[in-house]
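The structure appears below as structure tokens.
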Amino acid sequence: MITFDVRQYERLGSTNDEARRLAREGAPAGTAVCADEQSSGRGRQARQWYSPPGNLYLSLLLRPAVAAARLPELGFVTALAVADTVDTLLPSAVRASLKWPNDVLVNGAKISGILLEQVDEAVVIGIGLNILHAPERASYQVTAVAACGGLATVDGARTTLLDRMARQLQVWEEHGFPPVRAAWLVRAHPTGSVLRVVLEGRSLAGSFAGLDEDGALLLDLPEGRRRIVAGDVMI
Ligand code: BT5
């Protein structure tokens, strides 16, 4: 199982940027960059990630020996590890669920975001997990562990997450994507849920028809089934 070597910072612009810099310098797989707060935390497509002190901001450097086309699978691996972690932090009646491609939700509200970036032959996986604070305004419902009745410290959450991540990575390395895809589907919106997907500014509404073998979203539209590889999903 992989072990992580954590570099802890008080404040960074973005833990992903620091991990990318280390990747280019040749840092080994398992290098982990963690910051108490970020001044320019990033989401996908240059969106901002609200990053005050009190939440977890972590970026993991991996050097997986797989074709580049398989790297998006790591977003699903990570989402499962985050969901497992959130479950340990929340009251037992509450369980984390997943929204394509790799958002982690509690009671329908986003508690974590994952940003996967390729740097040469390495991958940086950025994870933001709200422990104490969620942004006041976002384009959808947001939450934090504390707001869901959970109890956690940032350090405790990080330790649990690194452990769950190592376990999920081991499953993926040994058995490939099928068990990851199956576990993801168990926690996701049920087949047939109506999803609205925003793609390049256009919005499509359809019913969720599962994940393709590579993790692409399958959406049934009036004109037939469509495979979606990038986009934002609203349930
Ligand atoms: C994501 O983007 O969900 C990926 C976020 C990854 C953040 C981590 S933190 C550690 C590492 N270092 C970085 O610089 N980034 C990574 P996306 O799907 O584009 O969602 C972004 C949207 O989520 C924003 O436009 C807001 O609407 C909302 N948002 C921003 N901050 C949030 C927060 N703390 N909690 C929940 N939602 C948030």
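Every number for a ligand or one of its atoms is a count from 1 in the order of the listing. FYI, the numbering just counts along the sequence from 1. Remember, predicted model here, so these are calculated numbers, not experimental data.
- Using a 4.5 Å heavy-atom threshold, the side chains of Pro101 and Arg44 count as touching.
- Nearest protein heavy-atom neighbour of atom 10 (C) of ligand 1: Thr15 OG1, 3.2 Å.
- Nearest to atom 37 (N) of ligand 1 by heavy-atom distance, out of Val142, Ile127, Val233, Val104, is Val142.
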Exercise. Between Thr78 and Leu60, does a side chain to side chain contact (heavy atoms under 4.5 Å, CB included) hold up when you go through it step by step?
Worked result: CA-CA 10 Å; Thr78 309; Leu60 308 176; 5.9 Å; no
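- Residue Asn55 has no nitrogen or oxygen atom sitting less than 3.5 Å from a nitrogen or oxygen atom of ligand 1, judged on distance alone.
- Atom CD of Glu213 has 12 or fewer heavy atoms from other residues, nucleotides or ligands within 6.0 Å.
- With respect to atom 8 (C) of ligand 1, the closest heavy atom belonging to the protein is Gly128 N, 3.6 Å.
- Scanning Gln48, Lys110, Glu117 for the heavy atom closest to atom 20 (O) of ligand 1 points to Lys110.
- Protein heavy atom in closest approach to atom 23 (O) of ligand 1: Tyr140 OH, 2.6 Å.
- Residues Arg187 and Arg95 are in side-chain contact: their nearest non-hydrogen atoms beyond the backbone lie under 4.5 Å apart.
- Under a 4.0 angstrom heavy-atom cut-off, Gln38 registers as being in contact with ligand 1.
- Taking CD of Gln38 as the reference point, atom CG of Asn16 lies at 7.5 Å (rounded to 0.5 Å).
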Problem set entry | side chain to side chain donor-acceptor pair (under 3.5 Å) between Asn55 and Glu37, intermediate numbers included | CA-CA 8 Å; Asn55 295 337; Glu37 63 179 306; over 6 Å; no
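- In terms of protein heavy-atom proximity, atom 31 (N) of ligand 1 is nearest to Tyr50 N, 2.9 Å.
- Looking from atom 5 (C) of ligand 1 to the surrounding protein, the closest heavy atom is Trp49 CE3, 3.4 Å.
- Minimum interatomic distance between Trp100 and Ile228 (heavy atoms only, all atoms of both residues): CZ2-O, 3.3 Å.
- Once rounded to the nearest 0.5 Å, the distance linking OG1 of Thr159 with CG of Asp163 reads 9.0 Å.
- Contacts with ligand 1 closer than 4.0 Å are made by side-chain heavy atoms of Ser59 only, the backbone lying farther away.
- Residue Asn130 touches ligand 1 through its side chain alone, judged by heavy-atom distances below 4.0 Å.
- Distances below 4.0 Å separate heavy atoms of Ala138 from the following atoms of ligand 1: 27 (O).
- Proximity to Gly41 (heavy-atom distance under 4.0 Å) selects the following atoms of ligand 1: 14 (O).
- Looking at His133, Gln141, Arg42, it is Arg42 that brings a heavy atom closest to atom 16 (C) of ligand 1.
- No part of Asp17 comes within 4.0 Å of ligand 1, judged by heavy-atom distances.
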For this session: Would you check, one step at a time, whether the test side chain to side chain contact (heavy atoms under 4.5 Å, CB included) holds for Leu161 with Phe4?
Result: CA-CA 11 Å; Leu161 178 56; Phe4 292 101; over 6 Å; no
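- For the residue pair Thr85/Arg164, the side-chain donor-acceptor check at 3.5 Å is not satisfied.
- Taking every heavy atom of Ser139 and a limit of under 4.0 angstrom, the matching atoms of ligand 1 come to 27 (O).
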Exercise. Under the side chain to side chain contact (heavy atoms under 4.5 Å, CB included) criterion, do Ile2 and Glu173 qualify, and how do the steps go?
Worked result: CA-CA 11 Å; Ile2 190 166; Glu173 279 162 8; 5.9 Å; no
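- Of the N or O atoms in Tyr57, none lie within a sub-3.5 Å distance of an N or O in ligand 1.
- When non-hydrogen atoms are compared, ligand 1 lies under 4.0 Å from the side chain of Arg47 (C-beta onward) but not from its backbone.
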